[in-house]
Amino acid sequence: MPGDYDVVVEPGALDRLPSLLAEAAPAHRYAIIADTTVAGLYGERVRSGVEAAGTRADLFTFPAGEAHKTREHWAELTDALLEAGMGRDGAVIALGGGVTGDLAGFVAATFMRGVSLVQVPTSLLAMVDASVGGKTGVDVPGGKNLVGAFHPPRLVVADPTLLATLPDTELRAGLAEAVKHGAIADPEYLGAIRDGAGRLLRADPAALAAVVQRSVEIKAGFVAADPYEQGARKALNFGHTIGHAIEALTGYAVPHGYAVAIGMVAEAEIGEAIGLTAAGTAGELRAALASLGLPTDLPPEVDPAAAVEWATRDKKVRRGRTRYTLLARIGEVARAPEGDWSIPVDDDIVVATLSGAIA
């Protein structure tokens with residue numbers, strides 16, 4: 001129960017969506033927003049189910065992929081809702097992965113100055129991380145998620161049975177975010193992910209449901225303590241400063257979860273280099289990520305200096321210095337002397353550390 005909305009993690013929950021909507025997010029009509037891939041898989045199932053319960057629902061789509069999480073597609077979707085006659089008594093259902101959650105969430109945050117939002121994640125990454133917390137936004141030439149808004153959903157509905165057909169790449173990408181949750185808050189959870197890697201990679205329903213449940217609990221705790229990322233919630237950025245740079249510099253050819261996996265190891269090595277992170281922490285992360293078949297080294301096409309330069313455009317820059325979420329050890333985030341949950345690190349130290357991490 002993060003904040004004031006429910007997160008339902010339950011096999012078969014997708015087919016219970018109409019009754020869940022009626023209880024938590026009643027609306028005159030619903031706009032279902034999905035990318036073209038997810039729309040083909042689940043769009044009609046969700047639309048017809050909602051309409052069978054007596055409420056109008058319309059499906060709106062956009063091309064799949066991070067490259068389409070843009071202001072242009074935000075505008076197209078917003079205009080489509082206006083043309084369809086949606087009003088302030090409508091609600092948006094974000095049906096899909098993290099890209100859809102961000103984009104559809106930003107539509108909901110800005111349409112008519114804000115309408116109700118329901119997140120229905122269909123990827124593991126979205127279930128364990130992106131759908132919870134209320135962050136929405138789009139990517140711009142200057143960086144990832146630099147235009148957006150905090151707009152918490154009224155409801156999150158995660159159906160683990162949808163993960164059975166998830167492509168292997170997307171499954172591993174989601175597990176990277178689960179590793180992050182263990183790294184920042186729960187060593188035993190991280191160990192369970194590593195030890196259960198075989199079941200997780202076989203998409204065992206019970207194993208995946210347990211991961212979704214525990215990750216949601218961890219993220220919800222940080223979000224409830226710090227809804228607008230002024231303090232403790234910064235812990236959730238572990239691996240993301242370098243990870244976002246990798247995504248951008250490869251034109252998003254490296255999936256988000258894979259980039260975060262590399263970023264976590266790099267940022268653990270940065271912490272060790274400045275004496276803030278316990279020795280061996282990066283090695284523990286490498287082992288856990290390797291058990292899941294995730295990359296842990298900077299791609300050879302990513303220049304370390306370019307990655308650091310890109311990081312200076314990140315939302316985490318303060319007073320001209322890039323701040324990183326660093327670990328004290330597995331399960332504990334390091335704190336700055338003044339108590340901040342992020343740490344400024346000199347660019348030359350980061351470049352030197354990354355230069356030793358080229359694959």
Side-chain angles (χ1 to χ4, degrees), residues 2-3 129 132-137 142-150 152 177 179-187 189-190 215 217-246 259-260 262-285 304-305 307-354 356-357:
D129 192 75
V132 177
K135 283 186 176 181
T136 74
K144 184 170 178 175
N145 298 324
L146 294 186
V147 175
F150 287 96
E177 290 284 2
V179 167
K180 179 196 74 177
H181 292 141
I184 64 174
D186 189 341
Y189 179 44
L190 179 61
S215 277
E217 290 171 354
I218 290 172
K219 181 162 186 181
F222 283 105
V223 171
D226 177 24
Y228 297 106
E229 201 174 297
Q230 301 299 308
R233 185 170 175 169
K234 294 178 184 178
L236 296 167
N237 292 326
F238 178 57
H240 283 62
T241 303
I242 298 300
H244 284 170
I246 292 169
V260 168
I262 299 167
M264 284 191 286
V265 173
E267 291 175 20
E269 290 176 337
I270 291 166
E272 291 186 32
I274 63 175
L276 198 62
T277 301
T281 299
E284 286 188 61
L285 286 170
V308 172
E309 192 279 329
W310 188 269
T312 64
R313 313 180 194 184
D314 193 81
K315 301 182 295 298
K316 305 166 195 72
V317 173
R318 297 291 183 273
R319 297 182 180 179
R321 299 186 72 192
T322 305
R323 302 182 71 97
Y324 296 82
T325 297
L326 302 176
L327 300 181
R329 59 189 58 80
I330 296 294
E332 180 183 347
V333 175
R335 305 283 293 276
E338 71 276 14
D340 200 297
W341 289 72
S342 60
I343 312 290
V345 183
D346 291 339
D347 290 348
D348 57 348
I349 294 175
V350 179
V351 171
T353 305
L354 293 180

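For the single chain, residues carry numbers from 1 onward in sequence order.
Across every non-hydrogen atom of Gly142 and Trp310, the tightest pair is O-CZ2, 4.1 Å. Summarising the geometry of Ala336 relative to Ile343, their closest heavy-atom pair is N-CD1, 3.3 Å, with the distance given to 0.1 Å. Considering all non-hydrogen atoms of both residues, Ala268 and Leu285 come closest at CB-CD1, 3.8 Å. What you find for Ala307 and Ala245 is that their closest heavy atoms are O-CB, 3.6 Å.
Under the 4.0 Å criterion applied to side-chain N and carboxylate O atoms, Asp340 and Lys234 are assigned as salt-bridge partners. A salt bridge is defined here as a Lys NZ or Arg NE, NH1 or NH2 lying under 4.0 Å from an Asp or Glu carboxylate O, and Glu229 with Lys135 meets this definition.
Remark: the backbone N or O of Val223 is not paired with any side-chain donor or acceptor of Arg233 at under 3.5 angstrom. Without hydrogens or angle criteria, Lys180 side chain to Val260 main chain gives no donor-acceptor distance under 3.5 Å. One N or O on the side chain of Glu267 and one on the backbone of Thr241 form a donor-acceptor pair closer than 3.5 Å. Put simply, the side chain of Asn237 never gets that close to the backbone of Thr325: no donor and acceptor are under 3.5 Å apart. No donor-acceptor pair under 3.5 Å is formed between the side chain of Thr136 and the backbone N or O of Gly148.
Taking Arg329 as the reference, Glu332 meet the salt bridge (charged side-chain N to carboxylate O under 4.0 Å, His left out) condition, with sequence neighbours excluded. Applying the side chain to side chain donor-acceptor pair (under 3.5 Å) rule to Gln230 yields no partners; only residues at least two apart in sequence or on another chain are considered. Residues satisfying the salt bridge (charged side-chain N to carboxylate O under 4.0 Å, His left out) test with Glu284, not counting sequence neighbours, are none. Scored by the side-chain contact (heavy atoms from CB on, under 4.5 Å) test, Ala185 finds Ile218, Phe222 as partners (sequence neighbours excluded). For Asp346, the salt bridge (charged side-chain N to carboxylate O under 4.0 Å, His left out) criterion is met by Arg321, not counting sequence neighbours. Residues forming a side chain to side chain donor-acceptor pair (under 3.5 Å) with Ser215 (at least two apart in sequence, or on another chain): His181, Tyr189.
Proximity of Thr322 to Val345: side-chain heavy atoms (C-beta onward) are nowhere separated by under 4.5 Å. At least one side-chain heavy atom of Leu327 sits less than 4.5 Å from a side-chain heavy atom of Phe238. For the pair Thr312/Asp347, a side-chain contact is recorded, criterion being any heavy-atom separation below 4.5 Å from C-beta on.
Here the straight-line distance linking atom OH of Tyr324 with atom CD1 of Ile349 works out to 10.5 Å at 0.5 Å rounding. Note that OG1 of Thr281 and CG of Leu326 are 11.0 Å apart. Values are rounded to the nearest 0.5 Å. From Asp186, atom CG reaches atom CD1 of Ile330 across 11.0 Å, with rounding to the nearest 0.5 Å. Taken from CD1 in Ile242 to CG in Leu354, the straight-line distance is 5.0 Å, to the nearest 0.5 Å. Taken to the nearest 0.5 Å, the CG atom of Leu236 stands 7.0 Å off from the CG atom of Asp129.
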